[in-house]
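Notes for the one structure printed next.
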Amino acid sequence: MTKNTNVIFFIIIVILGKITGFGKDLLLSYQHGAAELTDAFFIANSLASLFYASLYLSVPAIIIPYYTRVIDKLNDTHYQTELYSVCQSFVFLSVILSVSVFIYAESLVQLSFSEISYDTEKTAIRFLKIISLTFCFSTIVALFNALQVVNGSKFLSFIVPVVNNLTFIVSLLIFTRASEFINILWAGLFGWLFLCVVNAYYSSGLISFKFIASFPLFTKKSLLVVFLPALIAFYIEQINGYISIFFASGLGEGAVSVISYANKINLIVVSVFMVFLNVYIFPKLASSRFEKQGEGVEVFSSVIFKWILILSVPLAFILYIYAKPIISLLFERGEFNKSDALSVASVLSILSLSLPLLLIRDLLNRIVFSFENTAITMLSLMISVAIHGVFSFYLSREYGLNGIAIAFVLSAFVNVVLLFIFLRIHFDIRLLNRNLKDVIICFLSLFLSAVLSFIFFGWVDIGWVLESIFLCISYLMFLYFLGSEEIRIILLKLSL
């Protein structure tokens, strides 16, 4: 295939992954609504993420820069052995976590969510035990994917969410009753096992499967000082998500599901970006660092930063303004009633404000990781999570789920500001200064297009879909006239 064909193919796969992921949430809400069963499912997932996701996310953050740095030396037996040992260390940790969560699932649920009902608690315990069994398989898949990405093969990385989502959807269609829901989780386990086998087959030339009695991830200082802060940073990030679920669990039946559904809608765009970030952008950042030092990283990340602003700012505004009709259109059917839709829409309208912040945060974190310095990310996350917890505690009492959403947005804003400051101080990367003009153009274009839309649609009502399209077109028009180089370059290429 040609380069353009490859790009189109991968974009289709990513979109398919997001469509199936969204379809999974739609089907779940249709069959089970926002009730005890879905609360238990989201609670089990939040605890699994809290104790394991940090390790899973650390895999590309550690393996990609390390493998990029030593790839030319892999004919040396020493480097081959060390790479195998590092991967082996990740698998070893995942097994320990899997066994620990499985054994102590009951205690974890009871200690973490003391205010949920007895039935919800017991269901969540059963779900968590099954989910914990996937830890080892998903770690192996993540390791293979990281090695494949550095070697220029990205297909299987894109396929992972598609397989997982389709497995969930098919099993959800087969096991429709609440009493059968546990079978869906077993199907998910076998989905990870299938991915593990496929990735092992296609990665057989990249890494050895023999056991090596060495764990440099725990003993070699140069690796430990990168791995440990990364692990802690990602763990703190999971605490950020757990905080929302924790405070929601004390607001009555269905509250956990409401905030989870709203968060899933908000994170659809973030998850798409994360795929490109780990598979395309992050490896390029790592190679730019070694080829051109900090200058190469700043130039490349500036382009990504500007496109994040251009695409995410109007999308966040549309979600904020039209949250109610969007949620009603997508979810208000089956067991998901009008009251559920209004609750989710109210939370989503607030969470949507964090969308550009989350995308920028993830970019800035990967810039830090490309320099193999994870302590900065850890520190910024610790501060932002503390803010999230404190504000959630006070605001949830006054504003319920909306208060938790406000606290999340505030913590995301603080996180981004701190990362900008740390990048400037430690690596002399002035991403905000370099692109300040584009930031102003972006928000000014949104403001002008919003004013134009409100004036026009104050007289004519054409529905939220056409209004959103009008807003986007006028936004792009103002971007062009105010001098956005990215829009002008795209229009120039389209005209050729």
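Only heavy atoms go into these numbers, but all of them, side chains included; no hydrogens, no water, no symmetry mates.
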Ring center gap for [X] and [Y] short of 6.0 angstrom:
{"X": "Tyr56", "Y": "Phe90", "answer": "no"}
{"X": "Phe42", "Y": "Tyr261", "answer": "yes"}
{"X": "Phe181", "Y": "His32", "answer": "yes"}

Are there more than 12 heavy atoms of other residues, nucleotides or ligands under 6.0 Å from atom [atom1] of [X]?
{"X": "Trp307", "atom1": "CH2", "value": "yes"}
{"X": "Phe413", "atom1": "CZ", "value": "no"}
{"X": "Phe175", "atom1": "CZ", "value": "yes"}

> Between atom CD1 of Ile326 and atom CG of Leu319, what is the distance when rounded to the nearest 0.5 Å?
Replying inline: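 Ile326 CD1 to Leu319 CG: 5.0 Å, rounded to 0.5 Å.
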> How many angstroms lie between CG in Leu193 and CD1 in Ile140, if you round to the nearest 0.5 Å?
Replying inline: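 So the CG of Leu193 and the CD1 of Ile140 are separated by 9.5 Å.
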> Any donor and acceptor pair, going by atom type alone, linking the side chain of Asn435 with main-chain N or O of Leu431 inside 3.5 Å?
Replying inline: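 Pair found, side chain donor or acceptor close to backbone of Leu431.
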> Does a donor on one side chain sit under 3.5 Å from an acceptor on the other, for Asp39 and Thr120?
Replying inline: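 No.
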> Gln148 and Asn145: side-chain donor and acceptor closer than 3.5 Å?
Replying inline: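 Short answer, yes.
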Would you tabulate the side-chain donor-acceptor contacts of residues 123-133 under 3.5 Å, counting partners in other chains and residues two or more places apart, or write 'none'?
from, atom 1, to, atom 2, distance (Å)
Thr123, OG1, Asp119, O, 2.9
Ser132, OG, Lys129, O, 2.6

>> Please enumerate all residues that pass side-chain hydrogen bond (donor to acceptor under 3.5 Å, both in side chains) together with Tyr322, with sequence neighbours excluded.
In response: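 side-chain hydrogen bond (donor to acceptor under 3.5 Å, both in side chains) check on Tyr322 returns Glu467.
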> Who pairs with Ser384 by side-chain hydrogen bond (donor to acceptor under 3.5 Å, both in side chains), at least two apart in sequence or on another chain?
Replying inline: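 Counting only residues at least two positions away or on another chain, Ser384 forms no side-chain hydrogen bond (donor to acceptor under 3.5 Å, both in side chains).
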> Which class fits the ring pair Tyr52 and Phe135: parallel under 30°, tilted 30 to 60°, perpendicular over 60°?
Replying inline: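 Parallel, since the angle between the ring planes stays under 30°.
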